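Residue numbers start from 1 in every chain, and the chains themselves are labelled A, B, ... in the order their sequence lines are given, proteins ahead of strands. Please read all numbers here as calculations on a predicted model, not as lab measurements.
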Amino acid sequence: MSATSMRTHMSGELRSEHIGQAVSVCGWVASRREHGTQLAFVDLRDHTGVVQCVVDNGVDVRSEFVIRVTGVVRARLEGTVNKNLPTGEIELGECVVEILRTAEPPPFPIDARADKVEENTRLQHRYLDIRRERMQRNLRVRAKVNSAIRRAMEAQDFVEVETPMLVPSTPEGAREFLVPSRKEPGSFYALPQSPQLFKQLLMVAGIDRYYQIARCLRDEDLRADRQYEFMQLDAEMSFVSQDDVLEAISEAVMAAAEAATGERPPAIERITWHDAMNRFGVDKPDLRFGMELTELTDAFASTEFKAFAGAASIKGINASGKAEEMGRNKLDGLTDRAKKIGAKGLVWLKVGADGSLDSPVAKFLSADEQAELLRRLAGVPGDLILIVADDWEMTCEVLGTLRNDLGRPPVWQGPYRYVWVTEFPLFIGRNKETGKPKPGHHPFCRPHPDDLDKFETDPMAVRALAYDLVLNGWELGSGSIRIHESDLQRRVFNALGISDEEADKKFGFFLRPFEYGAPPHGGFAFGIDRLVAILAGEENIREVIAFPKTQSGSDPMTNAPTPPSPSQLAELGIRTLPAKV
RNA sequence: GGUCCCGUGGUGAAGUGGAGUUCACGCCGGCCUGUCAAGCCGGAGGUCGCGGGUUCGAACCCCGUCGGGACCGCCA
């Protein structure tokens with residue numbers, strides 16, 4: 001398959017079984033070692049690896065020259081086998097070297113040493129960075145993941161449909177990239193933040209099962225796990241329950257994981273949003289480590305300690321064995337962190353060698369309370385116990401953050417712990433100005449059927465048929481069963497404080513087609529960059545993207561973005577403001 | 001929009017107020033017949049990101065600015 005008119009083999013594939021064969025390989029000079037004029041070794045590299053070529057007629061090749069070597073595979077001399085090299089038992093002898101292209105010395109070594117080179121330099125010369133084994137591996141893992149996802153979706157009768165990149169601007173959600181219209185000066189397209197609108201319309205259109213490996217664009221600040229452009233497996237299904245969607249997506253995720261790692265993960269476990277918050281304090285729990293939040297509210301029901309008395313929710317975590325390493329400075333740091341999030345304070349207690357509690361507040365806690373505390377948190381000498389008393393949301397959030405700060409390993413480390421987080425609340429928080437609830441996900445999520453009666457009386461308690469997929473504490477994606485009936489949609493809009501007229505104005509173009517027979521449907525989308533990064537052992541998605549942007553949104557290789565020419569602006573009917581001074 | 005960290009030959013580092021910026025890798029030249037990110041000898045290569053300030057004196061301290069990174073906000 002890899003043979004061409006110029007080569008017979010890939011260099012990294014040559015083994016003892018090829019001994020005696022005349023072969024041609026093509027690639028780059030990884031290194032050259034000269035021993036006088038009669039003998040030189042040239043390591044030739046292609047994307048499969050490196051093979052040693054023995055040259056005895058003094059060819060002047062330098063690092064990264066592109067060469068073609070024709071020679072005979074032979075066993076290495078006794079004592080010169082290189083066990084660190086997959087091809088280390090053989091070498092190419094009687095070599096004829098053709099220089100296909102000379103090369104400037106590269107700005108950084110094309111090997112693992114470049115892992116220490118400043119990322120900006122790697123990005124400036126990304127074509128050289130990608131020549132390295134690490135990037136080759138990452139991009140090939142990514143290709144395998146894409147391919148496995150396609151196969152898994154097709155095996156389940158999903159139809160790949162491409163949706164447009166030039167779309168109307170939509171009222172809510174992430175900031176959009178805008179593209180000026182030449183034919184309608186003053187009007188703009190938006191680049192899609194997701195194919196949400198189109199995929200739901202494809203359900204109305206009877207496609208039944210849609211998927212797309214879709215490019216999505218959001219003009220929000222970049223991070224280790226966020227780029228302007230990213231890829232999602234985007235899917236939507238008709239006539240389904242939540243379980244149908246979770247099963248279909250799980251199949252794609254497991255196929256992708258198996259393709260990347262060689263191992264199929266076990267069935268993905270599930271946890272409700274409420275349990276996730278209660279036990280881990282976050283809606284994207286990292287299940288790889290313990291330190292779970294422990295309920296203490298009732299244990300301090302009649303406490304004398306003012307900070308705990310009457311608190312709606314008291315919880316604690318046990319940072320096992322961390323008492324010694326956490327000195328006063330670090331504990332103050334944790335307290336500051338807790339206060340920054342919004343807690344009134346943070347109670348810490350160290351378990352002493354005799355099982356007593358060392359803490360500024362120990363004297364306020366009765367002997368019974370101290371004993372119960374130690375029992376519930378399984379405290380043993382050397383442990384550090386942290387307690388927060390506040391309303392339920394704050395207690396969970398603060399301890400969830402501290403738990404991650406204190407215990408969370410790098411995202412790629414250890415086992416892969418996939419988890420579906422289900423039953424997200426339909427509304428999260430309230431609009432500061434109107435006092436109306438804000439949608440937890442988006443306003444088209446289907447409310448949980450058991451909670452419909454609470455809609456008007458206790459909206460914040462209404463759960464949604466909305467779910468997230470989480471891997472090692474990273475949110476991979478989310479989805480929901482949608483609302484396909486207008487009366488239910490109206491109730492949700494009303495709860496959000498959106499009038500019928502406003503709803504029609506803002507979302508009419510989306511909802512009106514539903515009047516022509518929208519089937520019950522639901523779907524999901526998950527980020528392929530994030531999944532690939534974790535499966536490739538990277539903690540930054542830039543490492544699995546061929547040409548990513550920097551944190552400020554620029555590309556050091558192409559210098560994008562660049563100012564337009566005056567004639568481009570004129571054609572588009574656009575005048576720019578002077579740069580801020 | 002905010003908090004914190006980093007900018008020293010091509011690359012990675014050292015130098016935190018005082019002599020001529022130091023080292024390794026790479027690069028160039030020479031030597032070398034079994035090395036393997038070879039070895040030995042020699043050489044070139046720097047506006048210490050940029051601008052201003054403090055000082056007798058600044059790579060080093062201060063202010064600003066640009067670039068990069070981590071995080072918060074933001075990402076329905």
Side-chain angles (χ1 to χ4, degrees), chain A residues 29-45 50-58 60 62-64 76-85 87-88 91 93 104-125 128 132-133 170-176 193-194 196-197 216-228 230 336-337 340-342 401 404-405 424 426-429 431 437-445 464 466 475 478 480 492 496 498 506-507 527 539-540 542 549-554 556 559 581:
Chain A
V29 175
S31 101
R32 116 201 111 118
R33 297 176 291 280
E34 286 183 324
H35 296 253
T37 53
Q38 295 307 305
L39 174 67
F41 299 98
V42 173
D43 288 346
L44 182 143
R45 178 190 62 236
V50 161
V51 69
Q52 171 166 288
C53 307
V54 183
V55 182
D56 39 29
N57 56 347
D60 188 18
R62 304 296 169 110
S63 287
E64 302 307 318
R76 291 202 183 188
L77 294 177
E78 187 85 27
T80 63
V81 167
N82 185 344
K83 290 207 168 75
N84 300 320
L85 216 56
T87 61
E91 64 190 9
E104 294 291 314
F108 49 81
I110 310 300
D111 57 38
R113 283 174 292 187
D115 289 344
K116 293 198 171 111
V117 171
E118 208 171 303
E119 196 190 357
N120 202 40
T121 307
R122 293 172 53 206
L123 292 180
Q124 256 174 50
H125 304 276
L128 296 178
R132 303 189 309 128
E133 199 244 328
T170 46
E172 319 231 329
R175 187 181 295 119
E176 297 167 318
Q193 24 178 318
S194 90
Q196 186 68 30
L197 152 70
C216 305
L217 298 106
R218 293 177 190 175
D219 187 5
E220 298 290 351
D221 285 1
L222 300 84
R223 287 278 208 291
D225 60 352
R226 278 159 34 186
Q227 282 274 307
Y228 280 157
F230 57 100
D336 285 350
R337 179 99 162 125
K340 229 168 194 172
I341 297 166
T401 304
N404 277 339
D405 285 356
F424 268 72
L426 190 63
F427 306 113
I428 295 180
N431 186 309
K438 293 189 291 186
H441 192 47
H442 58 61
F444 314 111
C445 283
E475 181 190 323
S478 55
S480 63
V492 172
L496 292 168
I498 299 173
K506 270 185 160 176
F507 305 108
E539 40 190 336
N540 190 313
R542 292 191 296 271
K549 304 282 190 288
T550 67
Q551 199 167 78
S552 61
S554 64
N559 281 326
V581 178

When you measure from the side chain of A:Arg132 to the backbone N and O of A:Asp111, does any donor-acceptor pair fall under 3.5 Å?
->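 Between the backbone of A:Asp111 and the side chain of A:Arg132 there is a qualifying donor-acceptor contact (under 3.5 Å).
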About how many Å separate CG of A:Asp219 and OH of A:Tyr228, when rounded to the nearest 0.5 Å?
->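 It comes to 5.0 Å.
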Nearest-angstrom distance from the residue atom CD of A:Glu104 to P of B:G26 |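 After rounding, the gap between these two atoms is 18 Å.
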Can you tell me if the side-chain N/O atoms of A:Gln193 get under 4.0 Å from OP1 or OP2 in B:C75?
->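 For A:Gln193, the contact criterion (side-chain N or O under 4.0 Å from OP1 or OP2 of B:C75) is not met.
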State whether the distance check finds a donor on one side and an acceptor on the other, under 3.5 Å, for side chain A:Glu91 versus base B:G34.
->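 Flag set: donor-acceptor pair detected.
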In the strands shown, is B:C40 matched to any nucleotide by a Watson-Crick or G-U wobble pair with both distances under 3.5 Å, and which?
->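 WC or wobble partner is B:G30.
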Out of B:G34, B:G73, B:A38, which has the shortest distance to the side chain of A:Asp221?
->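 Closest nucleotide to the A:Asp221 side chain: B:G73.
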When the distance from OH of A:Tyr228 to P of B:C74 is rounded to whole Å, what number comes out?
->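 After rounding, the gap between these two atoms is 17 Å.
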What's the CZ-P distance between A:Arg122 and B:G69, to the nearest Å?
->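 Result: 12 Å.
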Taking only the side-chain nitrogens and oxygens of A:Ser552, find out if one of them lies under 4.0 Å from OP1 or OP2 of B:G68.
->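 For A:Ser552, the contact criterion (side-chain N or O under 4.0 Å from OP1 or OP2 of B:G68) is met.
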Atom-to-atom span, CG of A:Asn540 to P of B:G69 - whole angstrom |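 About 9 Å, once rounded to whole Å.
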Do nucleotides 6-15 of chain B as a string where each nucleotide becomes B, S or -: B if the base has a protein heavy atom under 4.0 Å, S if just the sugar-phosphate does, - if no protein is that close.
-> ----SSS---
Taking A:Gln193 for its side chain and A:Ala174 for its backbone only, find out whether a donor-acceptor pair lies under 3.5 Å.
->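 Checking the backbone N and O of A:Ala174 against the side chain of A:Gln193, a donor-acceptor pair under 3.5 Å is found.
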Between B:C32 and A:Thr37, is there an OP1 or OP2 to side-chain N/O distance shorter than 4.0 Å?
->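 False: A:Thr37 side-chain N/O out of range (4.0 Å or more) of B:C32 OP1/OP2.
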Taking CZ from A:Arg226 and C1' from B:C71, how many angstroms apart are they, rounded to a whole number?
->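 Rounding to the nearest Å, CZ of A:Arg226 and C1' of B:C71 are 11 Å apart.
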Just checking A:Thr170: base, sugar-phosphate only, or nothing, at a heavy-atom cut-off of under 4.0 Å?
->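 Nothing: the residue A:Thr170, judged by heavy atoms under 4.0 Å, touches no strand.
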How is A:Ala224 classified with respect to the nucleic acid when contacts are heavy atoms under 4.0 Å: base, sugar-phosphate, or nothing?
->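 Since only primed, P, OP1 and OP2 atoms lie under 4.0 Å of A:Ala224, the category is sugar-phosphate.
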Between B:G12 and B:A37 - C1' atom distance, rounded Å |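 It comes out at 14 Å once rounded to the nearest Å.
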A:Gln196 versus A:Thr170, side-chain donor and acceptor atoms under 3.5 Å =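 There is no such pair between these side chains.
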Short question: side chain of A:Thr87, backbone of A:Val50 - any donor-acceptor pair under 3.5 Å?
->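 The answer is yes, because a donor-acceptor pair under 3.5 Å joins these two groups.
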Hey, does A:Asp336 reach any base, or is it just sugar-phosphate, or nothing, if we go heavy atoms under 4.0 Å?
->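 No contact.
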Distance between P atoms of B:G15 and B:G57 (Å, rounded) |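 Per the computed distance, 26 Å lies between those P atoms.
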Would you name the heavy atoms of A:Glu91 and A:Arg76 that are closest together and state the gap between them?
->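 For A:Glu91 versus A:Arg76, the nearest heavy atoms are OE1-CG, 3.9 Å.
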List the steps, then state whether side chain to side chain donor-acceptor pair (under 3.5 Å) holds for A:Gln551 with A:Arg542.
-> CA-CA 10 Å; A:Gln551 199 167 78; A:Arg542 292 191 296 271; over 6 Å; no
Across all strands shown, which nucleotide pairs with B:U3 by Watson-Crick or G-U wobble geometry, both distances under 3.5 Å?
->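 By the stated definition (distances under 3.5 Å), B:A70 pairs with B:U3.
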Which nucleotide in the set B:C74, B:A37, B:G69 lies at the smallest distance from any side-chain heavy atom of A:Arg223?
->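 For the A:Arg223 side chain, the nearest candidate turns out to be B:C74.
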Please evaluate the base of B:C74 for a donor-acceptor partner in the side chain of A:Arg218 within a cut-off of under 3.5 Å?
->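 Side chain to base: no pair below 3.5 Å.
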Can any side-chain N or O of A:Arg226 pair as donor or acceptor with the backbone N or O of A:Asp221 at less than 3.5 Å?
->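 At least one qualifying donor-acceptor pair exists.
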Is any side-chain N or O of A:Ser554 closer than 4.0 Å to OP1 or OP2 of B:G68?
->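 Answer yes for this pair, as a side-chain N or O of A:Ser554 is under 4.0 Å from OP1 or OP2.
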Whole-angstrom distance between B:C66 and B:A13, as gauged at atom P =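 One P to the other, the span is 25 Å.
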N-O pairing of A:Asp43 and A:Arg32 below 4.0 Å =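 Answer for the salt bridge query: no.
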A:Glu220 side-chain proximity, nearest of B:C32, B:G67, B:C75 =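 The answer is B:C75.
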Hey, does the side chain of A:Arg33 come within less than 4.0 Å of B:A38's phosphate (OP1/OP2), counting only N and O?
->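 Yes, such a contact exists.
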Go ahead and name the base partner of B:G45; Watson-Crick or wobble counts if both distances stay under 3.5 Å, otherwise write none.
->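 The base-pairing partner of B:G45, which may sit in any strand shown, does not exist here.
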Send over the distance from A:Arg542 CZ to B:A70 C1', rounded to a whole Å.
->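 The distance from CZ of A:Arg542 to C1' of B:A70 comes to 10 Å, rounded to the nearest Å.
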P spacing across the pair B:G53 / B:C71, given as an integer number of angstrom =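 Roughly 38 Å separates the two P atoms.
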Using the C1' atom on both, measure B:A44 against B:C25 and round to a whole Å.
->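 It works out to 16 Å between them.
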Which whole number of Å gives the distance between the C1' atom of B:C28 and that of B:G9?
->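 Their C1' atoms lie roughly 15 Å apart.
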With a 4.0 Å cut-off on heavy atoms, is A:Thr80 in touch with a base, just the backbone sugar-phosphate, or nothing at all?
->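 Here A:Thr80 touches the bases of the nucleic acid.
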For B:G20, which nucleotide is its Watson-Crick or G-U wobble mate, given both distances must be under 3.5 Å?
->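 Checking every strand shown, B:G20 finds no partner, since no pair has both distances under 3.5 Å.
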Considering just the side-chain nitrogens and oxygens of A:Arg62, establish if one lies under 4.0 Å of OP1 or OP2 belonging to B:G29.
->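 Yes, within the criterion.
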A:Pro105: partners by side-chain contact (heavy atoms from CB on, under 4.5 Å), with sequence neighbours left out |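 Not a single residue meets the side-chain contact (heavy atoms from CB on, under 4.5 Å) criterion with A:Pro105.
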With both distances kept under 3.5 Å, what pairs with B:G9, Watson-Crick or G-U wobble?
->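 Pair assignment: B:G9 / none.
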Counting only distance, no hydrogens or angles, is the base of B:C36 paired donor-acceptor with the side chain of A:Asn82 under 3.5 Å?
->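 Present.
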Nearest-nucleotide wise, let me know which of A:Glu119 and A:Val54 is further upstream toward the 5' end of RNA chain B.
->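 Checking each residue's closest nucleotide, the 5'-ward one belongs to A:Val54.
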What distance, rounded to whole Å, do you find between the two P atoms, one in B:G18 and one in B:A24?
->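 That atom pair is separated by 23 Å.
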Round to a whole Å and report the spacing from CG of A:Leu39 to P of B:A38.
->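 Atom-to-atom, A:Leu39 to B:A38, this comes out as 14 Å.
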For B:C75, the Watson-Crick or wobble counterpart (both distances under 3.5 Å) |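 WC or wobble partner does not exist here.
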Base, sugar-phosphate, or nothing for A:Asp43, non-hydrogen atoms under 4.0 angstrom?
->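 The residue A:Asp43 makes sugar-phosphate contact but no base contact.
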Take atom P in B:A59 and the same atom in B:G52, then report the distance between them in whole Å.
->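 Result for the P pair: 14 Å, nearest Å.
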Please name the pair of heavy atoms, one in A:Phe108 and one in A:Arg122, separated by the smallest distance, quoted to 0.1 Å.
->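 That closest heavy-atom pairing would be CE2-CA, 3.9 Å.
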State which of B:G69, B:A37, B:U35 makes the closest approach to the side chain of A:Arg76.
->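 Between B:G69, B:A37, B:U35, the one nearest the side chain of A:Arg76 would be B:U35.
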Applying side-chain hydrogen bond (donor to acceptor under 3.5 Å, both in side chains), name anything that partners A:Asn82, two or more places apart in sequence or on another chain.
->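 None.
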A:Thr550, nearest nucleotide to its side chain (from B:U35, B:C27, B:G68) =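 Comparing B:U35, B:C27, B:G68 against the side chain of A:Thr550, the answer is B:G68.
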B:C27, B:A38, B:C72: which one has an atom nearest the side-chain heavy atoms of A:His35?
->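 Selected nucleotide: B:A38.
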To the nearest Å, how far apart are A:Phe41 CZ and B:G34 C1'?
->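 About 4 Å, once rounded to whole Å.
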Look at the side chain of A:Asn120 against the base of B:G69 and say whether a donor-acceptor pair falls under 3.5 Å; ignore hydrogens and angles.
->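 Flag unset: no donor-acceptor pair detected.
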